[in-house]
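Report on one structure; see the data block that follows.
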Amino acid sequence: MRRMRLPSAALLLSLALAPAALALTAANAHAEARYETAGRIVSISNDRRVVHIAHERIPGVMGAMTMSFTARPGASLAGFAVGARVRFAFTVTDDGQRLLDRLEALP
Ligand SMILES: [Cu+2]
């Protein structure tokens, strides 16, 4: 009888551990990433929530390209103009949004 219980105990243990392992995998796969680079503002949306920036290469991440970035709720892009050189930091969220953490004009 004791020997027959062992497999089911092991099965129960693996079932108990499975959700934790899945949660850990999901957390890792959806980790937010933060980057910093510089570039030039190409366009600003009419509602001043989204800015397109032609950014420099981010070593190990992506080459130079133009991408859109969204201001975080409450942040404003007022005071920035198309053509301005900027340095900025952004976070890529788990659902793929690129949110501006910081944006500053360069001389
Ligand atoms: Cu890019």
Side-chain angles (χ1 to χ4, degrees):
M1 278 312 226
R2 183 175 287 262
R3 287 177 66 193
M4 289 186 69
R5 267 201 215 121
L6 281 172
S8 56
L11 180 61
L12 285 174
L13 182 62
S14 67
L15 286 174
L17 291 177
L22 287 173
L24 184 62
T25 302
N28 287 344
H30 292 252
E32 293 194 342
R34 193 168 183 272
Y35 305 103
E36 185 168 343
T37 188
R40 186 176 298 280
I41 294 178
V42 173
S43 68
I44 301 174
S45 65
N46 287 336
D47 64 4
R48 305 193 76 81
R49 302 296 309 158
V50 180
V51 60
H52 281 77
I53 300 175
H55 71 73
E56 297 171 356
R57 185 173 74 94
I58 304 176
V61 181
M62 64 180 91
M65 67 178 77
T66 299
M67 290 198 320
S68 63
F69 301 90
T70 302
R72 286 186 180 274
S76 174
L77 295 172
F80 291 93
V82 170
R85 284 268 307 158
V86 290
R87 170 158 285 282
F88 63 104
F90 64 98
T91 295
V92 179
T93 65
D94 56 2
D95 59 354
Q97 291 186 80
R98 294 181 294 270
L99 298 179
L100 280 174
D101 297 314
R102 192 166 51 73
L103 180 66
E104 60 182 295
L106 293 175

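One-based numbering, in listed order, for ligands and for the atoms of each.
Between the OG1 atom in T70 and the CZ atom in R98 there is a gap of 7.5 Å [rounded to 0.5 Å]. In this structure, the separation between CZ on R34 and OG1 on T93 is 14.0 Å, given to the nearest 0.5 Å.
Less than 2.8 Å away from the Cu ion (ligand 1), the protein contributes these N/O/S atoms: H55 NE2, M62 SD, M65 SD, M67 SD.
Listed by first then second residue, pairs satisfying ring pair (Phe, Tyr, Trp, His ring centres under 6.0 Å) with a partner in residues 87-107 read Y35-F90, F69-F88, F69-F90, F88-F90, not counting sequence neighbours.
Between V42 and T66, the shortest heavy-atom distance links the atoms CG2-CG2, 4.1 Å.
By the side-chain hydrogen bond (donor to acceptor under 3.5 Å, both in side chains) test, S76 is found to be paired with no residue, residues two or more places apart in sequence or in another chain being considered.
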Return a table of donor-acceptor pairs under 3.5 angstrom between the side chains of residues 46-61 and protein atoms on other chains or two or more places apart.
from	atom 1	to	atom 2	distance (Å)
D47	OD1	S45	OG	2.5
D47	OD1	R49	N	3.0
R48	NH2	L77	O	3.3
R48	NH2	F80	O	2.9
R49	NH1	A75	O	2.9
R49	NH2	A71	O	2.9
R49	NH2	R72	O	3.1
H52	ND1	S43	OG	3.3

